[in-house]
Engineer: 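Starting off with a structure, shown below.
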Protein chains: 2
Amino acid sequence: MKINKFKVHEKGLNRFFGPLEARIMDLLWEKEELSIKSVQTHLETDKAVSFNTVMTVMNRLADKGILNKRHVGRSFLYSPMLSREDFLNTQSKELTYELMDEFGSSVVVNHMLDALQNVDEGLVAKLEQKIKDWKKDR
Amino acid sequence: MKINKFKVHEKGLNRFFGPLEARIMDLLWEKEELSIKSVQTHLETDKAVSFNTVMTVMNRLADKGILNKRHVGRSFLYSPMLSREDFLNTQSKELTYELMDEFGSSVVVNHMLDALQNVDEGLVAKLEQKIKDWKKDR
DNA sequence: CACCTCACACTACACATTGTAGTGCAGGTG
DNA sequence: CACCTGCACTACAATGTGTAGTGTGAGGTG
């Protein structure tokens with residue numbers, strides 16, 4: 001599972017994948033497991049994509065350990081290695097940790113608090129509760 | 001100022017720049033303002049780098065709005081648009097905000113608390129204080 | 001058995017980013 | 001005027017992604 005770059009100015013799956021990759025992952029998370037042919041058919045509702053293009057991209061995703069490739073009869077079925085939730089959770093966790101490691105916990109915490117003030121006041125209460133719970137656990 | 005990608009598995013400036021770019025930025029943040037020639041000379045203590053290579057990379061950084069290019073006599077002097085501190089602060093802030101926007105504040109806050117438990121217990125106290133201060137300000 | 005089709009493999013090219021560097025031009029100096 | 005120095009322009013390699021053509025092999029059909 002190798003996601004190397006987080007694209008700051010994209011949104012959603014495009015932060016981790018190229019545009020075609022993102023559409024493929026989105027589809028596979030919805031449908032669970034598909035053949036290349038099925039993926040191509042689904043994608044083609046928007047705009048023609050060559051079967052070979054889809055195959056190349058999906059095999060690259062499989063090489064990177066993001067998709068699972070299962071031999072069934074003459075063909076292969078592909079499915080995401082992780083559920084969408086697990087994937088996003090893994091990524092957000094890794095990124096949060098990397099951020100705190102790179103810039104220092106207190107810097108990140110401060111930015112985070114700034115963001116909370118702007119965006120979500122109720123969360124500060126939850127955060128407070130979390131801290132209380134955490135203290136009890138020690 | 002366009003930094004598009006945050007490289008998850010690199011460290012320090014290499015998260016934002018290529019290796020040569022990173023060495024150049026590092027040097028410019030240390031020396032404040034330098035000509036291409038000076039940069040090349042400093043870098044060359046490790047290993048030969050062509051003047052033209054340094055120039056190309058520095059001009060690309062200037063095109064991206066990361067370096068300032070000042071005409072002085074026959075030649076140019078380059079300096080970082082932002083101080084190292086401002087740059088890192090901007091980046092960490094932007095990344096923190098993007099993370100919270102992308103994954104949801106509470107997800108990120110939870111990851112953050114996990115990280116704090118593993119890494120830095122004292123910071124939780126600071127966080128608590130921050131929340132107290134923040135409440136007073138409302 | 002020869003053939004044909006289908007799904008996959010291999011290969012290649014385009015574009016962007018970064019590292020690398022050659023060639024050329026313009027302006028000041030001996 | 002010839003030359004040197006510093007910048008501009010151009011080009012090529014490697015990597016990641018999007019795109020697609022051609023090759024190959026396995027199975028079914030006449």
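Computation of the quantities below employed the complete heavy-atom set of this structure, encompassing side-chain atoms and omitting hydrogens, waters and symmetry-equivalent molecules. Note on naming: letters A, B, ... go to the chains in the order of the sequence lines (proteins, then strands), and numbering restarts at 1 for each one.
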Engineer: Tell me: CG of B:Asn59 to C1' of C:dT17, nearest whole Å?
Structural biologist: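 Distance check: B:Asn59 CG to C:dT17 C1' gives 16 Å.
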
Engineer: Would you mind classifying the nucleic acid contact of B:Thr53 as base, sugar-phosphate or nothing, using non-hydrogen atoms under 4.0 angstrom?
Structural biologist: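 Counting heavy atoms under 4.0 Å across all strands, the contact made by B:Thr53 includes a base.
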
Engineer: Across the strands shown, which category fits B:Thr56 at heavy-atom distances under 4.0 angstrom: base, sugar-phosphate, nothing?
Structural biologist: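 B:Thr56: base contact, heavy atoms under 4.0 Å.
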
Engineer: Would you kindly give the CG-to-P distance between A:Leu67 and C:dC8, to the nearest whole Å?
Structural biologist: 14 Å

Engineer: Choose from D:dT17, D:dC7, C:dA9 the nucleotide whose nearest atom is closest to any side-chain atom of A:Lys64.
Structural biologist: D:dT17

Engineer: Indicate yes or no: does A:Arg84 engage A:Glu30 in a salt bridge with an N to O separation below 4.0 Å.
Structural biologist: no

Engineer: Using only heavy-atom distances, decide whether a donor-acceptor pair under 3.5 angstrom links the side-chain of A:Arg23 to the base of D:dG18.
Structural biologist: no

Engineer: Classify the side chain of B:Asn52 versus the base of D:dT10 as yes if they form a donor-acceptor pair under 3.5 Å and no if they do not.
Structural biologist: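 Result: no qualifying N/O pair found.
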
Engineer: Taking the nucleotide of DNA chain D with the closest heavy atom to each, which residue, A:Val54 or A:Asn4, is nearer the 5' end?
Structural biologist: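 Of the two residues, A:Asn4 wins.
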
Engineer: Taking atom C1' of C:dG27 as reference, at what distance in whole Å does atom CZ of B:Phe76 sit?
Structural biologist: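 Those two atoms, CZ and C1', are 13 Å apart.
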
Engineer: Which part of the nucleic acid does A:Lys47 contact within heavy-atom distance under 4.0 Å: base, sugar-phosphate only, or nothing?
Structural biologist: sugar-phosphate

Engineer: Select one nucleotide: of D:dC7, D:dT19, C:dC10, the one nearest the side-chain heavy atoms of B:Ser75.
Structural biologist: D:dC7

Engineer: Distance under 6.0 Å and angle within 45° of the ring axis: does B:Lys69 meet both against B:Tyr78?
Structural biologist: no

Engineer: Salt-bridge test for B:Glu98 and A:Lys11: reply yes if a basic N is under 4.0 Å from a carboxylate O, no otherwise.
Structural biologist: yes

Engineer: Counting N and O atoms only, with roles assigned by atom type, does the side chain of B:Thr53 sit under 3.5 Å from a partner on the main chain of B:Val49, one being a donor and the other an acceptor?
Structural biologist: no

Engineer: Output the rounded distance in Å from CD1 (B:Ile36) to P (D:dA8).
Structural biologist: 7 Å

Engineer: From the list C:dC10, D:dT19, D:dC7, which nucleotide is the closest neighbour of the side chain of A:Arg60?
Structural biologist: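 For the A:Arg60 side chain, the nearest candidate turns out to be D:dT19.
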
